[in-house]
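All figures in this text were calculated on a predicted structure; none of them were measured in a lab. What you see below is based on every heavy atom in this structure, not just the backbone, and it leaves out hydrogens, waters and symmetry mates. Counting starts at 1 for both ligands and their atoms, in listed order.
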Amino acid sequence: MSNQFSRPGILFVISAPSGAGKTTLVEAIRKTPNLFYSVSCTTRSPRAGEIDGEDYRFLSDTVFRERLQAGDFLEHAQVHSDYYGTLREPVLTNLQNGVDVLIDIDTQGAATIRNCDDPLIGGALADVFIMPPDLDELRRRLRNRGTETEEQINRRLDTAVREMELWCDYRYTIISGSVEEDLERFRHIMAAEAFLSRRLLCTGRC
Ligand code: 5GP
């Protein structure tokens, strides 16, 4: 890009029913240079191997509620009986500094961001839904993960059915294949979004 041009960061929102392969995909996308990954806050307990501050910020109910009251969250939602929230400040600061941001949130959170009246957020948003190939495959992936009981799997599948109906609210839908395929498709979206004329600010003679 000519140095006459600059742009604010792009806000990539990714949603997928749990088990759709999103975690692996997000881990790969997080390695993109000049991309800030927004680590969500949650009241749920850490799963084996999850690291506080890297996978989530694990908060008590009380601290989560305090931060909510203080207006610290850009969006928050209750998912499967736990609370999840995106911290406002790091997202806005990075977008303003021209750094792209990735947030991994559920369909409720994505709807809140979509309806947000902050023009910086509205202009920056590029939302992507990862659609699992089918429910049998989703059940198989959840079972293979081995982190949930059969009851929890059934609850997640119920949520998945509701979430999958919302795919058309998103600007992009990726029908999930292998992780490599999903990653390649996501990278195409990232590249195309970076070329949108409306994002560019001309600072010189153009
Ligand atoms: P999990 O507990 O399996 O990591 O995540 C459960 C769901 O919560 C996933 O759909 C995930 O995208 C969503 N989630 C994670 N962080 C946030 C957040 O900050 N806000 C919202 N609304 N959903 C989130």
Side-chain angles (χ1 to χ4, degrees), residues 11-30 36-61 63-68 70-92 94-95 101-116 121 125-132 135 138-139 141-167 169-170 172-174 176 182 186:
L11 177 58
F12 292 103
V13 168
I14 184 165
S15 298
S18 50
K22 183 182 52 174
T23 309
T24 326
L25 176 63
V26 166
E27 268 166 25
I29 303 167
R30 276 176 80 166
F36 172 79
Y37 177 71
S38 161
V39 177
S40 292
C41 297
T42 184
T43 59
R44 89 149 158 75
S45 312
R47 293 193 189 116
E50 283 184 330
I51 300 170
D52 187 31
E54 206 172 290
D55 298 292
Y56 281 104
R57 289 165 211 269
F58 295 100
L59 305 183
S60 65
D61 282 357
V63 173
F64 192 96
R65 238 175 287 127
E66 280 167 7
R67 300 208 69 165
L68 182 59
D72 288 354
F73 294 125
L74 181 61
E75 65 72 38
H76 75 284
Q78 187 180 2
V79 189
H80 313 126
S81 76
D82 288 302
Y83 287 93
Y84 295 79
T86 304
L87 289 172
R88 182 190 304 277
E89 195 278 328
V91 171
L92 293 183
N94 278 286
L95 292 179
V101 173
L102 175 67
I103 56 178
D104 161 0
I105 56 177
D106 83 320
T107 50
Q108 305 170 74
T112 305
I113 302 262
R114 221 175 276 129
N115 296 323
C116 172
I121 298 286
L125 179 62
D127 48 354
V128 183
F129 189 80
I130 310 294
M131 177 69 94
L135 281 176
L138 195 59
R139 186 186 293 276
R141 289 183 189 183
L142 279 168
R143 282 199 179 129
N144 280 353
R145 194 159 82 171
T147 50
E148 276 88 19
T149 62
E150 199 60 21
E151 191 194 326
Q152 284 170 324
I153 289 177
N154 286 334
R155 219 156 91 204
R156 279 169 188 262
L157 283 172
D158 286 345
T159 309
V161 170
R162 284 199 303 278
E163 292 195 323
M164 283 158 73
E165 285 167 3
L166 298 173
W167 64 273
D169 292 343
Y170 289 71
Y172 300 97
T173 296
I174 291 175
S176 181
D182 293 357
F186 198 90

Evaluating non-hydrogen atoms only, which member of I14, I105, L74, T23 is closest to atom 24 (C) of ligand 1? I105
Among R44, R47, R57, which residue places a heavy atom closest to atom 3 (O) of ligand 1?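 Ranked by closest heavy atom to atom 3 (O) of ligand 1, first place is R47.
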Students should be able to answer this: which protein heavy-atom is nearest to [atom], and at what distance?
atom	value
atom 20 (N) of ligand 1	E75 OE2, 2.7 Å
atom 23 (N) of ligand 1	D106 N, 3.1 Å
atom 7 (C) of ligand 1	V79 CG1, 3.8 Å
atom 6 (C) of ligand 1	Y84 OH, 3.6 Å
atom 19 (O) of ligand 1	S40 OG, 2.7 Å
atom 15 (C) of ligand 1	Y56 OH, 3.3 Å

Kindly give the heavy-atom pair with the smallest separation between [X] and [Y], and that separation in Å.
X	Y	result
A77	D106	CB-OD1, 3.8 Å
E75	G109	OE1-CA, 3.1 Å
E148	R47	OE2-NH2, 3.4 Å

Give the atoms of ligand 1, by number and element, whose distance to some non-hydrogen atom of [X] is under 4.0 Å.
X	value
G85	18 (C), 19 (O)
G109	22 (N)
D104	11 (C), 12 (O), 14 (N), 15 (C), 16 (N), 17 (C), 24 (C)
A77	22 (N)

Please check whether R156 reaches ligand 1 - meaning an N/O of the residue sits under 3.5 Å from an N/O of the ligand, judged on distance alone.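 Yes; at least one N/O pair falls below 3.5 Å.
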Side chain, backbone, both or neither: which part of T86 comes within less than 4.0 Å of ligand 1 when only heavy atoms are counted?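 Under 4.0 Å from ligand 1, T86 contributes backbone and side-chain atoms.
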Please state which part of K22 comes within less than 4.0 Å of ligand 1, counting heavy atoms only: side chain, backbone, both or neither.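 Side chain only.
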Check: Q78 main-chain N/O paired with Q108 side-chain donor or acceptor under 3.5 Å: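 It does hold such a pair.
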Below 4.0 Å from any atom of ligand 1, is there a heavy atom belonging to E163? no
In this structure, does ligand 1 have an atom that sits under 4.0 Å from one of the heavy atoms of F73? no
Ring-face cation of R65 near Y83 (centre distance under 6.0 Å, axis angle within 45°):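 No, R65 does not lie over the aromatic ring of Y83.
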Is there a side-chain contact between [X] and [Y] (heavy atoms, below 4.5 Å)?
X	Y	answer
I105	V13	yes
M131	E163	no
S45	E50	no
I14	I29	yes

Hey, do the aromatic rings of F73 and F64 have their centres closer than 6.0 Å? yes
Pick out which of V91, L74, T86, D127 makes a side chain to side chain contact (heavy atoms under 4.5 Å, CB included) with I113.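 Answer after filtering V91, L74, T86, D127: L74.
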